[in-house]
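Let me begin by presenting the structure, written as structure tokens, before commenting on it.
Bear in mind the structure is a predicted one, so any value in this text is a computation, not a measurement. In the text below, chain A, chain B and the rest are named by the order of the sequence lines, each starting its count at 1.
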Protein chains: 4
Amino acid sequence: MAGSTFGTIFKITTWGESHGKGLGVVIDGCPAGLALSEDDIQLFLNRRKPGQSKYTTPRQETDMVEILSGVFEGKTTGTPLSLVVKNKDQRSRDYGEIATCYRPGHADYTFDAKYGFRDYRGGGRSSGRETIGRVAAGAVAVKILNRLGIRLAAYTKSIGPVSIDSSRFDLEECSQNSVNMPDAVAAKKAQAYLDACMAEHNSSGGIVECIVTGMPAGIGDPVFEKLDANLAKAILSIGAVKGFEIGDGFAVAEATGKTNNDSFRRHENGKVKKSTNHAGGILGGISDGSDIILRAAIKPTPSIAAPQQTINQQGEEIEISIKGRHDPVIVPRAVVVIESMAALTILDALLVNMSAKMDSIAKFYHV
Amino acid sequence: MAGSTFGTIFKITTWGESHGKGLGVVIDGCPAGLALSEDDIQLFLNRRKPGQSKYTTPRQETDMVEILSGVFEGKTTGTPLSLVVKNKDQRSRDYGEIATCYRPGHADYTFDAKYGFRDYRGGGRSSGRETIGRVAAGAVAVKILNRLGIRLAAYTKSIGPVSIDSSRFDLEECSQNSVNMPDAVAAKKAQAYLDACMAEHNSSGGIVECIVTGMPAGIGDPVFEKLDANLAKAILSIGAVKGFEIGDGFAVAEATGKTNNDSFRRHENGKVKKSTNHAGGILGGISDGSDIILRAAIKPTPSIAAPQQTINQQGEEIEISIKGRHDPVIVPRAVVVIESMAALTILDALLVNMSAKMDSIAKFYHV
Amino acid sequence: MAGSTFGTIFKITTWGESHGKGLGVVIDGCPAGLALSEDDIQLFLNRRKPGQSKYTTPRQETDMVEILSGVFEGKTTGTPLSLVVKNKDQRSRDYGEIATCYRPGHADYTFDAKYGFRDYRGGGRSSGRETIGRVAAGAVAVKILNRLGIRLAAYTKSIGPVSIDSSRFDLEECSQNSVNMPDAVAAKKAQAYLDACMAEHNSSGGIVECIVTGMPAGIGDPVFEKLDANLAKAILSIGAVKGFEIGDGFAVAEATGKTNNDSFRRHENGKVKKSTNHAGGILGGISDGSDIILRAAIKPTPSIAAPQQTINQQGEEIEISIKGRHDPVIVPRAVVVIESMAALTILDALLVNMSAKMDSIAKFYHV
Amino acid sequence: MAGSTFGTIFKITTWGESHGKGLGVVIDGCPAGLALSEDDIQLFLNRRKPGQSKYTTPRQETDMVEILSGVFEGKTTGTPLSLVVKNKDQRSRDYGEIATCYRPGHADYTFDAKYGFRDYRGGGRSSGRETIGRVAAGAVAVKILNRLGIRLAAYTKSIGPVSIDSSRFDLEECSQNSVNMPDAVAAKKAQAYLDACMAEHNSSGGIVECIVTGMPAGIGDPVFEKLDANLAKAILSIGAVKGFEIGDGFAVAEATGKTNNDSFRRHENGKVKKSTNHAGGILGGISDGSDIILRAAIKPTPSIAAPQQTINQQGEEIEISIKGRHDPVIVPRAVVVIESMAALTILDALLVNMSAKMDSIAKFYHV
């Protein structure tokens with residue numbers, strides 16, 4: 001069925017395959033009057049573009065976005081935005097056994113099982129290039145959130161066994177290294193670890209963390225449209241993500257009420273604050289005004305050059321080794337995707353929240 | 001906005017508060033011709049009923065369900081099922097400072113922030129009793145899944161520092177101890193740990209695991225309605241859940257491609273199988289025919305008798321200690337809720353999958 | 001599939017059958033802080049209650065509504081409202097051939113074709129009693145709309161060949177006659193026509209008109225969620241409705257651009273007005289600030305005492321005459337149902353409209 | 001909010017403006033394995049293309065469609081289809097007072113009221129060109145319906161006072177005249193009437209009828225997703241449509257139960273048939289296996305050359321006469337749009353219906 005649409009009011013629909021003519025997204029429900037240009041979006045797409053370091057696929061793509069509709073005289077009109085990125089590197093080639101075998105860790109088999117056949121060129125719709133539409137839409141969502149005083153920062157928290165150290169945390173550092181880590185020392189160690197993986201024709205997993213600041217309290221809709229529930233869906237919908245945490249996450253399992261409860265305190269500006277933030281900014285599925293903190297666990301790139309056992313479509317057991325160069329780690333390029341999905345989720349929740357109170361509605365309609 | 005509806009084809013809408021007249025659920029889209037009685041549903045509600053051990057609240061509720069519509073001559077008619085559970089223990093009482101203070105770890109403050117005021121009686125809609133509608137609907141979903149050869153087993157994997165040992169794993173054991181653990185030895189240790197928590201007016205977190213067997217391959221809809229994405233939303237929508245994993249979950253961050261990839265093999269019955277199941281039964285958001293394995297991290301009960309710092313609605317800083325007896329751990333009673341939400345998600349995905357292939361549609365309509 | 005939910009933000013889910021235990025509705029997304037009591041809702045239910053004149057079924061039902069959730073201290077909390085009406089007249093009886101034959105003009109055959117069997121007691125879910133949930137929810141929607149300065153007036157425009165005369169139009173008159181006509185003279189003629197129908201064991205159709213005043217301009221969402229498109233769906237979803245018009249409706253087919261275009265003029269209060277209202281208050285799917293005018297064509301009651309040809313479930317051709325007394329006309333009781341569905345549609349459109357402009361969103365969130 | 005998406009399982013999202021870079025549609029949920037080429041879609045787009053007679057705008061557009069995704073080796077893959085039509089005739093021009101005045105009968109004012117400003121070039125998103133996405137998607141839906149043995153035929157039933165005569169009804173005739181009428185004699189009269197309108201700088205309305213044959217019984221989902229309710233929404237969502245009828249439509253208001261009820265009879269092939277079809281193929285919101293018959297009332301083109309009174313954005317009263325040549329009647333070009341929207345609605349209803357019965361689901365999953 002239709003699975004390529006996300007959101008209730010700010011609704012995006014993505015399309016496109018790895019080696020088709022292009023990829024894109026339609027953003028429907030974008031409020032009118034937002035200043036928007038292709039540059040705003042390109043900035044985000046450049047953050048996920050391939051070929052930027054030796055840890056990313058060398059595929060040559062400029063990933064230039066074009067806005068086909070929804071903007072007039074530099075501002076959004078309230079009608080759908082259609083954003084398109086053409087594929088450049090779609091030269092015909094010999095896909096060889098990729099066309100008929102089921103690569104371990106990939107969705108080849110499951111697409112065949114569901115649809116009867118699949119577009120085997122570069123993974124088709126299950127390729128990481130599918131996220132182009134998400135990131136293009138995320139750029140628009142982030143621009144709106146920024147206007148509302150809300151900011152997102154996502155970064156690599158760990159790669160394999162190498163984690164950032166909070167004492168060295170410096171967001172500016174992320175753009176200075178090829179692994180998107182806010183810690184120069186950890187970044188170097190992670191690079192060394194990745195070099196070792198590559199030497200062994202192997203790949204690595206890792207963790208991305210995202211922090212959202214400036215959130216108003218009251219966002220999220222119990223009981224099924226809770227803000228954390230929708231963030232979980234948004235993040236798990238990204239390929240290769242196998243786990244999601246909000247606040248202390250899995251650590252709460254070993255915590256106690258005394259240590260895990262955050263005390264409410266009175267902020268100097270009269271607002272409510274919490275003395276700690278184990279909850280990660282969400283209580284009962286509704287934002288509490290603290291920073292939202294979430295994490296995603298990302299599996300190692302399944303495409304490795306080392307030989308692997310598998311079967312082909314005929315059910316014959318074969319050995320394959322995946323040719324070409326692939327990202328030895330997805331984590332650094334996933335950072336902007338996670339930031340985008342978080343932004344889309346939070347923006348949609350902000351918009352649906354506008355009708356929560358009778359008084360706000362009456363005020364909106366001037367009565 | 002409307003946040004109490006879940007599902008696309010098999011759609012549930014829950015309602016009700018802790019100390020209101022009752023709670024319930026409307027199940028819309030239930031296929032016609034399913035044999036269904038109140039007993040089928042009561043069986044599940046009894047698994048979450050309070051007052052069954054010293055680790056659960058002693059509140060007296062029979063939680064008897066009544067089917068108000070949608071069943072005729074013992075079978076579902078295809079029209080909405082309305083299921084209602086009346087609250088018995090709704091005697092008027094003095095809610096004291098609960099009515100005006102913000103309990104740490106609870107949603108008191110966020111409900112006020114969103115809606116302007118709240119039903120403070122027992123937590124209102126943010127109470128654990130809200131899950132009654134989920135479990136009643138889950139019972140119906142499980143009955144349908146069983147008919148399709150799919151079975152779910154959820155259980156307590158850990159409480160605080162005490163985890164089950166896979167060498168002693170025995171599902172039958174769950175019903176023999178008060179913590180829902182499939183390991184008698186671990187159950188005893190967990191009980192001792194909980195006794196210690198209670199003695200200190202404290203509470204504990206834990207982990208629930210759920211395994212789904214008999215899944216056909218091909219279920220789940222890329223890219224946003226992936227099966228794992230919807231499972232994540234379903235599980236995170238349950239109060240107190242702070243983390244979600246599928247398959248190896250967060251462990252993948254430290255894994256490598258060589259260890260994490262599952263090889264495909266040929267099954268004796270001609271079907272595809274995998275030699276391992278790090279993926280937890282889902283690849284590219286679509287079931288691969290292996291068991292689905294998921295986990296949820298559950299925070300310690302926020303209601304503890306120990307004194308805590310907080311503020312009241314006037315912004316005054318106060319100290320409270322929460323009266324009455326509360327569950328020192330939510331985990332054992334959350335087991336059936338997690339099983340229910342997993343069942344609802346999987347059933348809905350099975351139903352929407354029926355139109356994935358042109359040939360299946362043509363065959364369905366006999367052309 | 002799930003077909004019993006209506007609305008995006010203000011979302012209702014109805015349930016219940018003619019001779020089941022009861023009927024009801026869950027209203028999810030109702031803004032918090034609305035003063036609401038059972039009396040508010042009862043007022044509307046009384047308008048559709050049976051047994052109020054010789055032109056309605058003599059079935060004895062008090063149709064008393066109970067609010068089971070979502071209201072605390074006299075105000076809506078923002079959580080789901082569960083409203084229930086118990087059936088009183090559900091005595092066991094001999095349904096005779098009704099159980100096995102397909103009544104002409106009824107949904108007996110189509111329910112069997114879809115679901116494999118049906119609840120044949122009084123039409124089950126296809127009974128006119130199904131509208132109880134709509135009217136209960138409509139009462140809440142109307143209360144909110146009134147608070148926003150929007151009022152709805154629906155009435156019988158015609159019964160059979162008898163139409164109201166605009167020169168005698170008087171809304172107050174509706175409650176003075178048993179056919180809900182705002183014209184005392186036409187009402188008498190209509191009653192005489194209905195008496196003649198009844199004498200011949202026959203029934204009559206008619207037209208209901210609904211006028212909405214006080215609408216702000218700008219409501220409705222192109223291109224598929226246009227206000228008139230959603231009104232059309234809302235009205236056609238009511239049993240027995242076979243046609244829908246907005247503004248001049250079918251008369252536009254014979255009109256010309258010169259006569260059909262409404263000129264824009266400047267209103268004394270600085271607002272825009274139109275010199276005429278052929279459009280019925282909606283242009284391009286968006287309200288223009290004029291009155292919304294819609295009409296519904298309602299078919300004659302299919303249950304007639306006169307003998308009719310049909311077949312039974314075995315495919316045998318038989319003759320039936322439907323026993324018991326039935327409404328010889330549905331129109332007067334459909335008036336409040338149409339008003340309710342129009343109110344639900346318009347309210348939902350008002351709520352989703354709140355995020356149409358970037359500036360409004362920024363102002364809402366105080367930035 | 002997001003209003004450009006239609007459908008539940010077979011879900012389309014359209015985008016684009018009259019004088020932007022192009023228009024298009026994303027079709028999500030299209031079943032896999034359907035043979036599909038650009039020719040299939042072009043056939044439908046050619047039916048709505050401008051410049052084909054003196055009764056349509058002379059705007060030069062080839063309206064060539066390109067499939068950007070979702071098709072591999074000539075078959076749909078189950079992933080989203082992205083269809084794009086580039087605008088050719090988007091030369092910069094002087095929009096003059098169109099940019100600042102509110103044309104009568106157009107959506108200029110309502111777009112301004114909703115969004116704060118508008119894309120005034122050729123009506124922007126409220127242009128008739130918006131229907132390109134609908135028709136491109138409709139072509140795909142019709143291809144699937146045909147595979148299932150279902151066929152649609154839409155045609156002009158009347159233009160102004162000129163109606164087709166059922167005794168001369170010949171579908172083949174539609175393509176032989178420029179007004180899409182299945183009656184050569186009426187077509188000539190209609191053309192004469194249009195010539196007279198044009199001479200007076202005036203325009204005409206009309207009625208389109210659509211007949212669907214080969215429908216299985218059982219399609220449509222009570223109570224809000226009734227087949228006729230969704231058809232009404234689909235048709236009213238098309239610009240310029242002011243009325244909708246199913247079966248006898250507004251004529252039922254003057255009918256009686258005796259004349260309006262359709263008797264059920266036994267068909268020679270063992271199926272159920274009806275002796276008449278006043279219901280238009282739908283009873284209780286569910287198809288009954290008879291032909292579905294619907295009609296749409298279409299208003300006269302609001303763009304007329306004759307001078308009209310109106311106001312501009314400053315609220316000044318002005319007189320305008322709309323320059324350029326416009327369709328003196330929309331009806332003939334609306335035929336394929338109505339056919340497309342009907343096809344999209346019916347296909348979606350067929351797909352969601354697949355899970356109506358427990359037995360069908362069990363059979364589908366081979367248990």
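- At least one donor-acceptor pair under 3.5 Å links the side chain of D:D348 to the backbone N or O of D:I9.
- Ranked by non-hydrogen atom pairs under 4.5 Å with chain A, the options D:L23, D:D28, D:I27, D:L68 are led by D:D28.
- Counting only heavy atoms from C-beta outward, the side chains of A:F6 and A:S237 never approach each other to under 4.5 Å.
- For the options A:A32, A:P80, A:C30, heavy-atom pairs under 4.5 Å to chain D are most numerous at A:P80.
- Of the atoms belonging to A:T5, heavy atoms from both backbone and side chain fall under 4.5 Å from chain D.
- Atoms OG1 and CZ, on A:T79 and D:R118 in that order, are 13.5 Å from each other to the nearest 0.5 Å.
- Both the backbone and the side chain of D:T77 come within contact range of chain A, with heavy atoms under 4.5 Å apart.
- Taken to the nearest 0.5 Å, the CD1 atom of D:I219 stands 8.0 Å off from the CG atom of D:L227.
- With a 4.5 angstrom heavy-atom cutoff, A:L81 does not touch chain D via any of its atoms.
- Residue with the most contacts toward chain D among A:G124, A:G7, A:G70: A:G70 (heavy-atom pairs, distance under 4.5 Å).
- Between A:R121 and A:S127, the side chains place no donor N or O within less than 3.5 Å of an acceptor N or O (distance only, hydrogens not considered).
- Contact count versus chain A (heavy atoms, under 4.5 Å) is highest, among D:D119, D:V26, D:L351, for D:D119.
- Using a 4.5 Å cut-off between heavy atoms, A:K75 contacts chain D through both its backbone and its side chain.
- Heavy atoms of D:F111 lying under 4.5 Å from chain A belong exclusively to its side chain.
- Relative ring orientation between A:F72 and D:F117 is described as parallel, the plane-to-plane angle staying below 30° on a 0-90° scale split at 30° and 60°.
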### Query
Going through the distances and angles, do A:H106 and A:S303 end up as a side-chain hydrogen bond (donor to acceptor under 3.5 Å, both in side chains)?
CA-CA 8 Å; A:H106 277 279; A:S303 293; 2.8 Å; yes
